[in-house]
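Shown next, in structure tokens, is the structure this report addresses.
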Amino acid sequence: MLIPDYETEVDFLNCEAISNTVVELLVQNRSRALTIGIHGDWGAGKSSILKMVQRDRDLAGDKAVACLWFNGWAFQGFEDAKTVLIEAIITELCQQRSTFGKVKELGGRLLKRVEWLKLLKRGGGLVFNAVTGLPSPDQIGSVLEKLNATIGGLKDMSTDQIKEKLTEASTFLKPAEAAEANLPEIIHHFRKEFADLLDEAKINQLVVLIDDLDRCLPATAIATLEAIRLFLFVPKTAFVIGADEGMIEYAVRQHFPDLPLASGPVSYTRNYLEKLIQVPFRIPALGTQETRVYVMLLLIESLLGSEHAGFKKLLSGAKATLNRPWLGTGLTHADVRAADAARAAELDAAFVLATRIGPILGEGTKGNPRQIKRFLNAMLVRRAIAKARNFDDEVDQSKLAKLMLAERFQEDFYNYLAAKAMSSDDGKVAELRAFEEELKAEKEETDTPKKKPSQQTSESAEDDGAKWLARDWLRRWLTIPPSLGDTDLRPYVFVTRDKRALAGPASIGGIEGLVEKLTGSGLALRMIEPEVRALPTQDAEAAFKALSERVLQATELKSPPEGFEGLGILAKHHPRFQSQLVNLISALDVKSLGIWIVRGWNEILTDGAAMGQLQALLQEWAAQDENATLKRAAGQATAAVRKRKS
């Protein structure tokens, strides 16, 4: 059974503390306008917290509270996200309170105002109307186009229907009311009528939960936030926004590219976010103990189901221990066994596995719940594949999980083991056994521990096994039970041949589909960074080669050629390509290069050799006379580097 990866009200992460505090804030501030931010990385649990808030009895059980859900990503493709949000809120509110007084009438009036805002937005019409009080020519043309499109159906209408249609359409051609001849007055009257609608609907508090805003393109994210503050921020309204604040700041920078970097100690992008979000909550990454408990709960739920009485009791006990994770108590073996005595063997296996892989999995995924789920699902799928091919008795779950940790976080070492296993007569890797024995001996000889091999020595020969023991991560991995030195690894290697079907981005449309994604820019690229990070070596190399060819074929270099930003993302997450990327840009035509080429490298380069190459190249550009603009930009960049070093 796979572990579902969607928002849920079942709290595995002990996020109830956050959701309860949010609800308490909402209850205490019902008469005020309020914006609350739920911040965290993608997969951290923001949507689940919003679901918990929505289901809380203090909100769901209060008839004077209306709670609405809005998914910004679902409306990504709409022309004007601002009016979409306003329209969605008014429509849903009217549906929930359709029997209250004049709710339909007031809602209909507000929806007409939304239609008017749509017309004003076209072709800069909002500015034209604010100055003249009249619809702009392009707005009139838009309405006439609608009328013209309707003419074909006039023969099917009665005289009264035709008059009604013409009267309705003509209202858009009338001058704006004197009181609304400018934008501030339009906003003021909209807010007043929106507040009247809340009063008529007998609503003491309107709570709007906005999810997935950080998945939207910058224009959509900013338009949604502006709609909240400009039109809907009135007394008795509260907005709870789930978003990664880093992505929102990125959207602000893209939407307002001419903003200065900072005003005082805080950047303008951070100021913008803090102006919109009054009360921020940051979801913390899972620590070692929390990851262990989380993995254990996920595995046990996959065995027993979320409605199992024993699982519910175990979940309750886990929450109590997670309230004080620094004490390190967690769930005990006895706690887990008590969940279902009839399935003790399976529960034992889940407990042991979570205890073994929890710490290193938490470290590798940086405590991200979604990445942890993806890892466990990949493991369960591979077990299912082994079962379908009738060799599941040769694949031990703990050993599979341990190998998958190496595959996920030390891919070159995993490939080394796989090659050795497949070339061995019995599938055992003698070098792996030697590593395990060496570390065991070190532990036993605590008085005279062996010195770690130096990196310089380990690089002397490609197959010198000592280089692996120079990595702290691998030394810890090798000590995780069970040992693998005497295990036939061929069944494990064979089952991982299906890894492209699990979660790798190259599986979506093959390598061509991946390259196409990497030719994007901005937020679209940032959204696939986790997938790029998880790319196997061969796919990353193929993508880097394909994108390099595109860049080298580009003739226009005043701005970044298609695929260059994708190369940067690949090099950022696969440092082996960083020197290659610097070599590539050194081959570009200096005369054609724009100043973009000297920017953004701090985010890409981490390899010392590549950074040295770039500095030498910048100095070369600063000394040339074929491109004055590049010469000046490169000179400034090298001067900035010298200043930082001094």
Side-chain angles (χ1 to χ4, degrees), residues 2-7 40-47 73 76 212-218 243-244 246-247 250-251 285 361-382 404-412 414-415 496-548 550 562-578 580-581 600 603-604 606:
L2 290 182
I3 299 165
D5 185 17
Y6 50 76
E7 66 273 3
D41 299 332
W42 288 343
K46 300 183 295 295
S47 299
W73 200 23
Q76 171 64 53
D212 282 341
L213 194 60
D214 51 4
R215 292 179 179 269
C216 298
L217 294 175
D244 177 359
M247 295 305 294
Y250 172 79
L361 179 58
E363 175 191 317
T365 61
K366 295 181 170 57
N368 184 282
R370 178 169 295 152
Q371 294 300 317
I372 292 170
K373 281 184 179 180
R374 286 168 68 91
F375 179 90
L376 295 177
N377 274 333
M379 180 191 71
L380 294 173
V381 166
R382 290 177 179 181
M404 287 180 61
L405 286 172
E407 179 193 19
R408 175 68 176 81
F409 302 116
Q410 300 283 319
E411 187 181 4
D412 55 347
Y414 172 80
N415 290 336
T496 61
R497 289 180 179 178
D498 294 286
K499 66 182 177 183
R500 289 175 181 268
L502 299 175
S507 64
I508 306 172
I511 195 65
E512 295 83 4
L514 171 64
V515 170
E516 202 58 38
K517 288 182 181 181
L518 287 168
T519 56
S521 62
L523 182 62
L525 269 178
R526 288 180 176 271
M527 290 177 68
I528 65 168
E529 280 200 52
E531 296 176 325
V532 173
R533 189 185 304 118
L535 274 175
T537 302
Q538 62 271 27
D539 286 347
E541 288 177 351
F544 190 88
K545 181 179 179 181
L547 291 172
S548 297
R550 290 199 185 194
E562 185 181 79
F564 182 80
E565 288 186 52
L567 283 173
I569 295 294
L570 276 167
K572 173 183 175 182
H573 296 294
H574 299 269
R576 66 175 69 89
F577 299 126
Q578 292 181 9
Q580 294 181 47
L581 181 57
E603 188 177 346
I604 296 173
T606 55

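Heavy-atom minimum distance, Leu213 versus Ala243: CB-CB, 4.3 Å. The heavy-atom pair separating Val515 from Ala546 by the smallest distance is CG2-CB, 3.9 Å. The two residues Ala543 and Leu518 make their nearest non-hydrogen contact at CB-CD1, 4.1 Å. Here the closest non-hydrogen pair linking Ser548 and Leu567 is OG-CD2, 3.7 Å. In terms of heavy-atom proximity, Thr606 sits nearest to Gln578 at N-OE1, 2.9 Å.
With sequence neighbours excluded, the residues that form a side-chain contact (heavy atoms from CB on, under 4.5 Å) with Ile604 are Ala571, Leu581, Trp601. Partners of Thr365 under the side-chain contact (heavy atoms from CB on, under 4.5 Å) rule, at least two apart in sequence or in another chain, are Leu361, Gln371, Ile372, Phe409. Every residue meeting the side-chain contact (heavy atoms from CB on, under 4.5 Å) condition with Glu529, not counting sequence neighbours, appears here in chain and number order: Arg526, Ile569, Lys572, His573.
Salt-bridge check for Arg408 with Glu363: failed, with every basic side-chain N at 4.0 Å or more from each acidic carboxylate O.
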Is there a salt bridge (Lys or Arg N to Asp or Glu O under 4.0 Å) between Arg550 and Glu565 once you walk through the steps? CA-CA 12 Å; Arg550 290 199 185 194; Glu565 288 186 52; over 6 Å; no
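Proximity of Tyr414 to Met404: side-chain heavy atoms (C-beta onward) are nowhere separated by under 4.5 Å.
For the atom pair Phe544 CZ and Leu535 CG, the distance stands at 13.0 Å (nearest 0.5 Å). Between the CG atom in Asp412 and the CD atom in Glu407 there is a gap of 12.5 Å [rounded to 0.5 Å]. If you take CE on Met379 and CG on Leu405, they are separated by 10.0 Å, rounding to the nearest 0.5 Å.
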